[in-house]
Amino acid sequence: MVNWCPELGTVLANDEIKNGFSERGGFPVEQKKMRQWSMRITAYAERLIKDLDKLDWSESIKETQKNWIGKSKGATINFQIPGLENKIEVFTTRPETIFGVSFIVLSPEHKLLKKVTTNKQKQKIEEYIAKASLRSERERTSEVKQVTGEFTGAYAIHPFTKKKLPIWTADYVLSSYGSGAIMSVPCGDQRDWLFATKFKITIINIFKDKDISKSAYTNKDAILNNSDFLNGITTKKAEQLAIKELAKNNYAEPKTQYKLRDAVFSRQRYWGEPFPVYYKGTLPYLLKNDKVVELPKIDNYLPTNDGEPPLARVSKEEWKTDFSGDRMEANTMPGWAGSSWYFLRYIDPLNTKEFVSKEKLNYWKNVDLYVGGAEHATGHLLYSRFWTKILYDLKYIPFEEPFKKMINQGMIQGNSRFVYKLKNESSSITKKHTIYFSKNIVEDINHRNSFSINEFKEKLINTTLYKADAQLLKKLHTQLEKHVFKTHVDINLVEGYELDIKAFKKSRKEYNNAEFVLENEKFKCSGAVEKMSKSYYNVQNPDTLVEKYGADTLRCYEMFLGPLEQHKPWDTKGITGVYSFLKKFWKLFHKEGKFNVSKGSPTPQELKTIHKTIKKTKEDIDRFSFNTPVSSFMICVNELTSLSCNNTEILSLLCIILSPYAPHVTEEMWSKMGNKNSISLAEFPEYKNEYILENKFKYPISFNGKMKFLLELPKTLSISDIEKEVLNNTKTIKLLQGKPHKKVIVVPNKIVNIVI
RNA sequence: GCCCGAGUGGUGGAAUUGGUAGACACGCAAGACUUAAAAUCUUGUGACCAUCUGGUCGUGCGGGUUCAAGUCCCGCCUCGGGUACCA
């Protein structure tokens, strides 16, 4: 079974589907039987979880991967069916609840379902199977609360009590997980509880002193009851005991189960790496030579009339590859075939002998820092780890993980605008004209009902709706929200929240006859912060900003906005601040518009300013805090401006540390100061502590933890001397008002706290 | 439901190991220059009280630990993201 998307004409991997729709395009996805290549990522499930501990990645991505792999420990237990050789195998994480089992459920796709069903129940079961197969993934996930199922008429035998357990089928049991069958313990599992309650199946309470009349008791801290040899034991201890006892009679064995499925590796597309595989009859063979298989030319990039992939259009002769079979594999590989290991090839892209040379591999090794989006957590970032492990196991590479450290940059969000559009009511007026309502008109009517129908009519005076029939008007007045829908409007047509009606009408043909219900002669839109996307019409084009302020300003501003990892809406309010900072920077190099710098030795003040900034910038960049250096640059330029500094030595250092943020203007100043090489080749300067160090420190003097005043003292002073100085200070005496102090805490070069 | 992350002035944010909360900007206000505007420069700007010196409160809410809490601990609330019939 694969996820088939008819609209895209291809199979999709699990991570490419969101809520039953394709992630790209949002088309419906259905289940289909198809012969496909797939990768046995499930064989690596354990290692993929275990090795997460070695990685310096965000907890949330690690968690997402862990959940996606979905490891659970438990046991498989076999239930016998009288009169049949087959046993029903179930997987459970709670074998200790074996005495609470009151029924067995098979998934509608289970291979034994039809076999066990009695003649009497046959028709009902077949109807249920048909109904379940028609339910799309979408329906199954959106109707979680709905309990459905059917009794097969058959019974299984409880391994210990030998009691008869009715066998049911229900689609809350998934065929693709575990063995596709469960033992139902209604007292300990909420879904089983709901099912048993709905179909009036016995609920056995095996938990001592726990109430299960309203819902199942799902915590694993109870003491067992009604459980034969497990009575009086806590659930945790009982687990192993139950497995042991079951195993004695070959009824059970311990088992670890994963949610992760094998990854489908075929795509019915043209653009993708072709497989080095050909067929003789129905049997596939691997191409023996190591030659690269090239995509053949094709007349049309569409599937064949029989629904075969595009490559099936190509005849044997049209392939550049020599192969001795009947036909080449027509599927191509998915995107992650390349994205899983490209970083290895990037090390050595021109190598024609091997995919990467050993020497280069040993030098570069795996990626030190990966900056990327968290949205790839269960796709690319998992596949890439899997792929790296395969290459490691095959001894092609000396490391098991592709990316040592990862930072997830935040998304820049868009500020969307919406208009309220009247649905096509069955009225001659609304069919001819599209009518839009200003935001507060809709909200006032629906939430506050602040104006009467006559006032409402007043608001319509400039629209064709004014002449509408009384019934329609009444409908709109009482429940406007039901008759309008919110739709995105291009942010370029909106100033703040006010719609530019003229521009809006012009923007599209179908808007030409649009009419607007205004408030205070203006049309207001509503807004929301969401993902920046073309389909939301909230995309900001940086070109106009670059034109107005320059690329350096934009670059600095993007950094200045806030921490790298944080999501935030795009807002250009503060960009002028960064712009004037760069202008001030430029002014340091110029006098009355002419380039003017001085040579000679810098003053101690100037040296202190620049070395302080180098230190701060270096430390901030080292901890990936890219926003805070911009403030330091601003402080530095402000200080150098007030020092009237135009010293080449100082300004050269400033240029280098600023160049990653403002590469253009710094490169220009750098070359004007006479440097032949690009500033991008200059070495990041070392700061010198001797220029920064002070011999005095301004101590904050606090009373009971509250800062009252500052006192400058030499750094060489001992703790007891500091205490003496502080206590003898007139301000201290004044604040103490003769009261005794309990304690004085002195933290050298940090703080003094007097406890009263 | 479960898992992860975040809540600091009017706004974006800073505070790195528990040690001066609000750096640096935006915005706003006043002033200088200008016929005027833009640009630029100067000053002020967390809230409340006070004529000044100053005082009280203040990092989502309620507790706690500590000489000292935005930072640590316990319990909540709100928002954002991920995930979901996984037995």
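Numbers restart at 1 for each chain; the letters A, B, ... are given by sequence-line order, proteins then strands.
Taking atom CG on A:Asn408 and atom P on B:rA6, their separation rounds to 13 Å, with Å as the unit. The interatomic distance linking A:Arg261 (CZ) with B:rA84 (C1') rounds to 13 Å, in whole Å. Between A:Tyr661 atom OH and B:rC24 atom P the separation is 18 Å, expressed in whole Å.
Taking the C1' atoms as reference points, B:rA50 lies 11 Å from B:rU56, given to the whole Å. With C1' as the reference atom, B:rG46 and B:rU34 are 35 Å apart, rounded to whole Å. Spacing of P atoms, B:rA15 relative to B:rU65, comes out at 29 Å, to the nearest Å. B:rA21 and B:rG54: their P atoms are spaced 16 Å apart (whole Å). Look at the P atom in both B:rA87 and B:rA6: the space between them is 29 Å, to the nearest Å. If you take atom C1' in B:rA68 and the same atom in B:rG13, they sit 26 Å apart, rounded to whole Å. Nucleotides B:rC28 and B:rC52, compared at atom C1', are 26 Å apart to the nearest Å. Rounded to a whole angstrom, the distance from the C1' atom of B:rA14 to that of B:rG70 is 12 Å.
For a distance-only test at 3.5 Å, the side chain of A:Lys616 qualifies as a donor-acceptor partner of the base of B:rU16.
Among the protein residues, A:Asn627 comes within range of the sugar-phosphate backbone only, with heavy atoms under 4.0 Å from sugar or phosphate atoms but none that close to a base. Within 4.0 Å of A:Ser625, counting heavy atoms only, lies no atom of the nucleic acid at all. No engagement by A:Lys71 is indicated, since no non-hydrogen atom pair under 4.0 Å with the nucleic acid exists. Using a 4.0 Å heavy-atom cutoff across all strands shown, A:Ile701 reaches no nucleic acid atom at all. Within 4.0 Å (heavy atoms only), A:Ile745 reaches at least one base atom of the nucleic acid. If you check every strand for non-hydrogen atoms under 4.0 Å, A:Val755 touches sugar and phosphate atoms only. Within the nucleic acid shown, A:Phe560 comes within 4.0 Å of at least one base atom, counting heavy atoms only. Base engagement by A:Lys259 is indicated by at least one non-hydrogen atom pair under 4.0 Å involving a base atom. Among the heavy atoms of the strands lying under 4.0 Å from A:Asn638 are primed sugar atoms or P, OP1, OP2 only; no base atom is included. At a threshold of 4.0 angstrom between heavy atoms, the contacts of A:Lys742 with the nucleic acid are absent.
For B:rU40, the OP1/OP2 oxygens have a side-chain nitrogen or oxygen of A:Lys583 closer than 4.0 Å. Dashed line: the shortest gap from a side-chain N or O of A:Lys587 to OP1 or OP2 of B:rA39 is not under 4.0 Å. An OP1 or OP2 oxygen of B:rA87 is reached within less than 4.0 angstrom by a side-chain nitrogen or oxygen of A:Ser72.
Across all their heavy atoms, A:Ala222 and A:Tyr217 have their closest contact at CB-CE2, 4.0 Å. Across all their heavy atoms, A:Pro186 and A:Phe103 have their closest contact at CG-CE2, 4.0 Å.
With its glycosidic angle more than 90° from 0, B:rG10 is assigned anti.
Listed nucleotides: B:rG19, B:rC85, B:rA87. Nearest to the side chain of A:Ile182: B:rA87. The side chain of A:Asn753 lies closest to B:rA68 when the candidates are B:rA87, B:rG55, B:rA68. Closest contact between the side chain of A:Asp189 and the listed nucleotides B:rA87, B:rG19, B:rC41 involves B:rA87. Among B:rC85, B:rA14, B:rG27, the nucleotide with an atom closest to any side-chain atom of A:Thr628 is B:rA14. Among B:rU20, B:rA87, B:rG13, the nucleotide with an atom closest to any side-chain atom of A:Thr92 is B:rA87. Residue A:Arg623 has its side chain nearest to B:rU16 when only B:rG19, B:rA14, B:rU16 are considered. Ranking B:rU11, B:rG19, B:rA87 by closeness to the A:Lys573 side chain, first place goes to B:rU11.
Put simply, the side chain of A:Arg261 gets close to the backbone of A:Lys259: a donor and an acceptor are under 3.5 Å apart.
Secondary structure note: stems in RNA chain B built from 3 or more consecutive Watson-Crick or G-U wobble pairs under 3.5 Å occupy B:1-7 with B:77-83, B:10-12 with B:24-26, B:27-32 with B:40-45, B:46-49 with B:54-57, B:60-64 with B:72-76.
Classification of the A:Phe697-A:Tyr699 ring pair by plane angle, with boundaries at 30° and 60°, yields perpendicular. Between A:Phe703 and A:Phe709, the angle of the ring planes lies from 30° to 60°, which puts this pair in the tilted group. Between A:Phe560 and A:Tyr557, the angle of the ring planes lies from 30° to 60°, which puts this pair in the tilted group. By the 30° and 60° cut-offs, the orientation of the rings of A:Tyr177 relative to A:Phe91 is perpendicular. A:Phe624 and A:Phe626 have perpendicular rings, their planes meeting at more than 60° on a 0 to 90° scale where under 30° would count as parallel.
Sequence order on RNA chain B of the closest nucleotides to A:Ile754 and A:Ser702 puts A:Ser702 first from the 5' end. Taking for each of A:Lys706 and A:Gln566 the nucleotide of RNA chain B with the nearest heavy atom, the 5'-most of the two is the partner of A:Gln566.
Side-chain contact between A:Ile98 and A:His158 is present, with at least one heavy-atom pair separated by less than 4.5 Å.
The residues A:Lys615 and A:Glu619 are annotated as salt-bridged, a charged nitrogen and a carboxylate oxygen being separated by less than 4.0 angstrom.
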**Message:** Go through it in stages, so that I can follow the logic: the residues are A:Thr148 and A:Tyr128, the test is side chain to side chain contact (heavy atoms under 4.5 Å, CB included), and I'd like the CA-CA distance, side-chain angles, deciding distance and then a yes or no.
**Reply:** CA-CA 9 Å; A:Thr148 65; A:Tyr128 188 80; 2.7 Å; yes
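Non-hydrogen atoms lying under 4.0 Å from RNA chain B are contributed by A:Glu63, A:Thr64, all within residues 63-70 of chain A.
Separation of atoms NZ (A:Lys612) and CD1 (A:Ile692) is listed at 9.0 Å; rounding is to 0.5 Å.
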